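Some notes on the structure that comes next.
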Amino acid sequence: MQFSENWLRSLVDPKMNSDELAHLLTMSGLEVEEVEAVAPPFSNVVVAEVVEVAKHPNADRLNVCQVDVGTGTLLNIVCGAPNVRAGMKAICAKAGAVLPPGADGKPFEIKVGKLRGVESQGMMCSAKELKISEESSGLMELPEDAPVGANIRDYLGLNDLKFTIKLTPNKADCLSVLGVAREVSALTGSPLSFPAPRPAAVTTDEVLPVKVSAPELCGRFSGRVIRGLNAKAATPEWMKRRLERSGQRSVSALVDISNYVMLEAGQPSHVFDLAKIHGSMDVRWGRKGESVKLLNGNTVEVDEWVGVIADEKEIESLAGIMGGDSTAVTLDTTDIYLEAAFWWPNAIQGRARRYNFSTDAAHRYERGVDFAGTVDNIERITALIVEICGTSDTKIGPVDDQVVNLPQRAPVVLRTARAAKVIGVAITDDMVADIFTRLGLPFIREEGQFAVTAPSYRFDIEIEEDLIEEVARVYGFENIPANPPVAPSAMLIEPENTRSLFAVRHQLADLGYQEVVNMSFVESAWEQDFAANEQPIRLQNPIASQMSVMRSTLIGGLLANVRYNLNRKAGRVRVFEVGAVFKRNPDAVDGPLSVAGFDQPKRVGAIAYGPALDEQWGAATRAVDFFDVKADLEALFAPRVVRFNKAEHAALHPGRCATVEVDGKVVGFIGELHPRWLQKYDLPQAPVLFEVDAAALQARSVPRHTEISKFPGATRDLALVVKQDVPAQAVLDSLSAAASVHPNGKILQAVVLFDEYRGKGLKADEKSLAFRFSLQDTQSTLQDDAVEAVMAAVAEAAKEKHSAKLRG
């Protein structure tokens, strides 16, 4: 929101300078982003009248002018502007004037000198030379009534500042100069001067028939017919200046007046060319297949989600967003239909963004516009139109005001004690009453509480905390003491059988992975590809089209990180993420950290791509494989034992994928990316990834003391030949089970697979698995017969369950 300080001070003039005013607004919640001078400093520049113009005797493109600057003596000035002529009012820098710096950054001083042999006692100026406009085609021509000799800074109001404030979405009431003036008046106690518009004299009973067919779209529709106007009338300079200093360009008088009143009071309006409207108008929702050409030249298609204003032949406007080109006013327009309406915010929100543009009207309507001010708005615009564009033939019709569905404002209760507790200062009933009175908030006062009914222009007061914020703003955030917290903040010790996610992060970093933080909003295609999720949790108002659903897996984000690095020539990528995923669960209930119907568990995911090791002389270069990442995952869970069982997953290679099991419970998955996704996402080789429950990683075994055996141990190797489709884990389970039921089985301490062989000496469908057995008797010296008995038992078990043969 940008506006002129002089415009603001014409409504409320607090006794403070510009810096103090900017600070006041910022501390009240209206952050002043920038304060910019309307014009840079310059001096001795005045309004002048060109009395006589003659050709320069020594230059074809120069003229010698006699200029009146109000001193009683005409100045002889050489001028090269193409539009200079006798009788015009323009800007003159007299001798001694200092103009804004030029390209060299130095101020430009005007001196008496000679140009091609003719003395020049000053300089006629363009707007660009004074840096008050980019217009440089010639002299800046002033109105005929401009007083000769007047200081140009005073005449054009150049001793002014442009304020740019950054508004939060809830402060829609301040999207106007009047709204900001209300705030300043409430904060300083300075009187607000904004007279109510006087109803125009009605001279015709003509009314354009309008029907509101969608009360959930339009709550109030006001309009008026005005005939016999001169649309070619010039917009007054004072209005142009205020528009320009608010970031608007002047278009034509009718359009400028509509924009001016929108900036002044915050109520958008639209001016239709009455001659281009076909019969009556209907305010309704769009229909599939309809389209409209807008004022910006775009032709857009509408449907049942978009509101429109249509006549009996075609759509004339997108409701609350932009008017149509077919009924746009031109310089030839003589008859108009003036409209101001209240559009429900939820019926406007998101519609302009759908068409990839934004308008001042939509920006205001989707936040909430004063629904009680439409008629006053019509009257204010009418008065300006008649004043600027009126003729002797002007006819003004009555205001057709249709009130169909306005917001019902329920009182919001503020408890003084609650406000005092939240703000942290001693707030009294009298203080609250004074603040609400200054803010123009109607209230009913009882002992210790206030029932406030929000005004029609305030859409941000719905709960008690909104009123507490109002009290704090006007009381002054800088007046609230910065006290340390008084609540106890004891450091709680984590249970010994858990570890923090910070420890998990550090361990992954030690394993060579770098942490990433990805958005929880992802593309819907990712959910389909990587989670086979046909019904993802969709966002009602996504921040971007490619972020339309909530993720149920971390894979998509991690894969995007890999692609991002590959596109920047980083060929070895190791990244991990700790974050929440989102899944539907009808049994989930609301809680401090939960939402009914949805689970939000924390997951830990990691992905490895490229060479297994950085390039070096100690090892040959090879690509990372399943077992590299499996080892990292086992290190994360250590000393807990992790089991891996063959599985299938939508994102992973069907032959290189496994579930991760801890204590008999599946806690995640690990595997190589499916070949189809390598092709779709343009990856030269397959990354390996895993994703596990964060809670499972946080749990850990409590260390237990065990006395080290005094007796030596022994190792035995056992090579078994089995069919290739027999999982190694199944053989391991059989060996461990056989030992556990053997009388001497307690001497078996561990069994590990240390080799797998396929090739010469074995059949095509066979493989050799070599296991190493660690044996130790903790009570006595290990006996060979006991060892041999256990080894024979486990070999026999492998033979019975898996048809295993001892490898010779």
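Positions are given from 1 along the sequence. Note that the coordinates shown come from a computational prediction; the quantities given were computed from them, not determined experimentally. Just so it is clear, the values below take in all heavy atoms, side chains as well, and ignore hydrogens, waters and symmetry mates.
A salt bridge links Glu183 with Lys171: the closest approach of a Lys/Arg side-chain nitrogen to an acidic carboxylate oxygen falls below 4.0 angstrom. A salt bridge is defined here as a Lys NZ or Arg NE, NH1 or NH2 lying under 4.0 Å from an Asp or Glu carboxylate O, and Asp256 with Lys240 fails to meet this definition. A salt bridge links Asp434 with Arg438: the closest approach of a Lys/Arg side-chain nitrogen to an acidic carboxylate oxygen falls below 4.0 angstrom. Between Lys15 and Glu20 there is no salt bridge, since no side-chain N of the basic residue sits under 4.0 Å from a carboxylate O of the acidic one. The pair Arg242-Glu264 fails the salt-bridge criterion, with no side-chain N (NZ, NE, NH1 or NH2) lying under 4.0 Å from an Asp/Glu carboxylate O.
Using a 4.5 Å heavy-atom threshold, the side chains of Ile91 and Leu139 count as separate. Between Val112 and Glu119, some side-chain heavy-atom pair lies under the 4.5 Å cut-off. Annotation: side chain of Asn377 is in contact with side chain of Val261 (closest heavy-atom distance under 4.5 Å). Annotation: side chain of Ser120 is not in contact with side chain of Asn76 (no heavy-atom distance under 4.5 Å).
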(request) Could you go through the ring-ring contact (aromatic ring centres under 6.0 Å, His included) check for Trp343 and Phe371 one step at a time? (result) CA-CA 8 Å; Trp343 307 99; Phe371 55 82; over 10 Å; no
(request) Assess whether side-chain hydrogen bond (donor to acceptor under 3.5 Å, both in side chains) is satisfied between Asn259 and Arg249, documenting all intermediate values. (result) CA-CA 10 Å; Asn259 289 337; Arg249 65 181 181 88; over 6 Å; no
(request) I would like to know whether Ile226 and Tyr337 meet side chain to side chain contact (heavy atoms under 4.5 Å, CB included); could you show each step before the answer? (result) CA-CA 6 Å; Ile226 305 178; Tyr337 179 71; over 6 Å; no
(request) Walk me through it: do Met262 and Ser269 pass the test side chain to side chain contact (heavy atoms under 4.5 Å, CB included)? (result) CA-CA 7 Å; Met262 177 187 69; Ser269 59; 6.0 Å; no
(message) Checking Arg224 against Glu339 for the salt bridge (Lys or Arg N to Asp or Glu O under 4.0 Å) test, could you report, in this order, the C-alpha distance in whole Å, the side-chain angles of both residues, the deciding distance, and whether it holds?
(response) CA-CA 7 Å; Arg224 153 179 282 167; Glu339 166 264 315; over 6 Å; no
(message) As a quick check of understanding, evaluate ring-ring contact (aromatic ring centres under 6.0 Å, His included) for Phe163 and Trp7, giving each step before the final call.
(response) CA-CA 11 Å; Phe163 277 55; Trp7 191 359; over 10 Å; no
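The backbone N or O of Gln248 lies less than 3.5 Å from no partner atom in the side chain of Ser246, so there is not a single donor-acceptor pair. Under the 3.5 Å distance criterion, the side-chain polar atoms of Asn298 are left unmatched by any main-chain donor or acceptor of Val300. Without hydrogens or angle criteria, Asp335 side chain to Gly228 main chain gives a donor-acceptor distance under 3.5 Å. Side-chain atoms of Thr382 come within 3.5 Å of backbone atoms of Ile378 as a donor-acceptor pair (strictly under, hydrogens ignored). The backbone N or O of Ala172 lies less than 3.5 Å from no partner atom in the side chain of Arg364, so there is not a single donor-acceptor pair. One N or O on the side chain of Lys89 and one on the backbone of Ala146 form a donor-acceptor pair closer than 3.5 Å. Looking at Tyr260, its side chain never comes within 3.5 Å of a backbone N or O of Leu384 through a donor-acceptor pair. Side chain of Asp370 to backbone of Ala372: a donor-acceptor contact under 3.5 angstrom is found. Between the side chain of Ser28 and the main chain of Leu25, a donor-acceptor pair closer than 3.5 Å is present. Put simply, the side chain of Arg241 gets close to the backbone of Leu156: a donor and an acceptor are under 3.5 Å apart.
Annotation for Glu478: atom CD counts as buried by contact number, over 12 foreign heavy atoms lying within 6.0 Å. In this structure, Phe357 places its CZ atom where more than 12 heavy-atom neighbours from other residues, nucleotides or ligands lie under 6.0 Å away. Residue Arg61 qualifies as open at atom CZ: its count of foreign heavy atoms under 6.0 Å is 12 or below. For Lys293, the NZ atom sits in a loose shell: 12 or fewer heavy atoms of surrounding residues, nucleotides or ligands are nearer than 6.0 Å.
Not counting sequence neighbours, the partners of Asp13 by the salt bridge (charged side-chain N to carboxylate O under 4.0 Å, His left out) test are Arg9. In this view, Glu469 and Asn170, Arg473 satisfy the side chain to side chain contact (heavy atoms under 4.5 Å, CB included) rule, not counting sequence neighbours. A search for side chain to side chain contact (heavy atoms under 4.5 Å, CB included) contacts involving Thr188 returns Pro14, Met16, Leu24, Val184, Ser190, not counting sequence neighbours. Residues satisfying the side chain to side chain contact (heavy atoms under 4.5 Å, CB included) criterion with Pro345, sequence neighbours excluded, are Phe342, Gln349, Phe459. Every residue two or more places apart in sequence or in another chain that forms a side chain to side chain contact (heavy atoms under 4.5 Å, CB included) with Asn58 is listed here: His56, Arg116.
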Using a 3.5 Å cut-off and no angle test, enumerate the donor-acceptor pairs between side-chain atoms of residues 29-50 and protein atoms at least two apart in sequence or in another chain.
{"residue": "Asn44", "atom": "ND2", "partner": "Ala95", "partner atom": "O", "Å": "3.2"}

